[in-house]
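Reviewing the structure listed below.
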Amino acid sequence: VQLVESGGGLVQAGGSLRLSCAASGRTAGTYALGWFRQAPGLEREFVAAINWAGVSTYYADSVKVRFTISRDNAKNTVYLQMNNLKPEDTAVYYCAAGLSRPYSDSRSYVYWGQGTQVTVSS
């Protein structure tokens, strides 16, 4: 499974961005998909995840209410709608695919994208 993120950029605080992650591969639709982020000098942290069917979603407390994860299995794409962005959301955002739980643990994921930069100015 290959993952390619897009949609990052520079936005002012309070603004919105929508990240996309296109998954390729015959079995891409069977994986749970997650978003993680890593800011300079910090460890990679969980942001959100969605199960293979798109029925169950999971969020870090820091983004709950502001971010929404969704997936379109017909397009093998997962989205992260980010609203009311804050400077502390600045990071490289990574898409990941995995089969294990817990979805909030990066060790549950097998495949990773290259990341897309999100910068939120104050």
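Numbers here simply count residues along the sequence, with the first being 1.
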First locate atom OG of S16, then atom CD of Q81, and finally report the distance between them rounded to the nearest 0.5 Å. 5.5 Å
Output side-chain donor-acceptor pairs under 3.5 Å for residues 93-100, partner residues at least two apart or in another chain, one line each.
residue : atom : partner : partner atom : Å
Y93     : OH   : R37     : NH1          : 2.9
Y93     : OH   : D89     : O            : 2.6

Apply side chain to side chain contact (heavy atoms under 4.5 Å, CB included) to residues Y59 and T68 and explain how you reach the verdict. CA-CA 8 Å; Y59 296 94; T68 302; 3.8 Å; yes
Can you see which heavy atom on P87 is nearest to which on A13, and at what distance? CD-CB, 4.1 Å
When you look at CD of Q117, are more than 12 heavy atoms from neighbouring residues, nucleotides or ligands closer to it than 6.0 Å? yes
Separation between CD1 of I69 and OG of S56, rounded to the nearest 0.5 Å: 11.5 Å
E88, CD: over 12 other non-hydrogen atoms inside 6.0 angstrom: yes
Is the backbone N or O of T119 less than 3.5 Å from a side-chain atom of T90, with the two atoms forming a donor-acceptor pair by type? no
Give a yes or no on whether the backbone of G54 and the side-chain of N51 come within a donor-acceptor separation of less than 3.5 Å. yes
Can you confirm whether V47 sits close enough to L80 that some side-chain heavy atom of one is under 4.5 Å from a side-chain heavy atom of the other? yes
Taking only residues two or more places apart in sequence or in another chain, which ones pass side-chain hydrogen bond (donor to acceptor under 3.5 Å, both in side chains) with S6? none
Short question: side chain of Q12, backbone of S121 - any donor-acceptor pair under 3.5 Å? no
I50 reachable from Y109 in the ILVMFWY side-chain graph, under 4.5 Å edges: no
Per-pair distances, 0.1 Å, donor-acceptor, side chain in residues 28-36, under 3.5 Å, sequence neighbours excluded:
residue : atom : partner : partner atom : Å
T30     : OG1  : T27     : O            : 2.7

Can D72 and T77 be said to form a side-chain hydrogen bond (donor to acceptor under 3.5 Å, both in side chains), step by step? CA-CA 5 Å; D72 184 341; T77 300; over 6 Å; no
Side-chain touch E5/L19, heavy atoms, less than 4.5 angstrom: no
I want to check a possible cation-pi pair here: R44 against W112, using under 6.0 Å from ring centre and within 45° of the ring axis as the test. yes
CG (N84) and CZ (R66) are apart, to the nearest 0.5 Å, by 6.0 Å
Excluding sequence neighbours, so at least two apart, what forms side chain to side chain contact (heavy atoms under 4.5 Å, CB included) with S70? Y79
Is any side-chain heavy atom of V120 less than 4.5 Å from a side-chain heavy atom of K86? no
Return the set of residues passing ring-ring contact (aromatic ring centres under 6.0 Å, His included) with Y103 (not counting sequence neighbours), or none when no residue passes. Y58
Check side chain to side chain contact (heavy atoms under 4.5 Å, CB included) between P102 and all other residues, then give those that pass, not counting sequence neighbours. S104, D105, S108
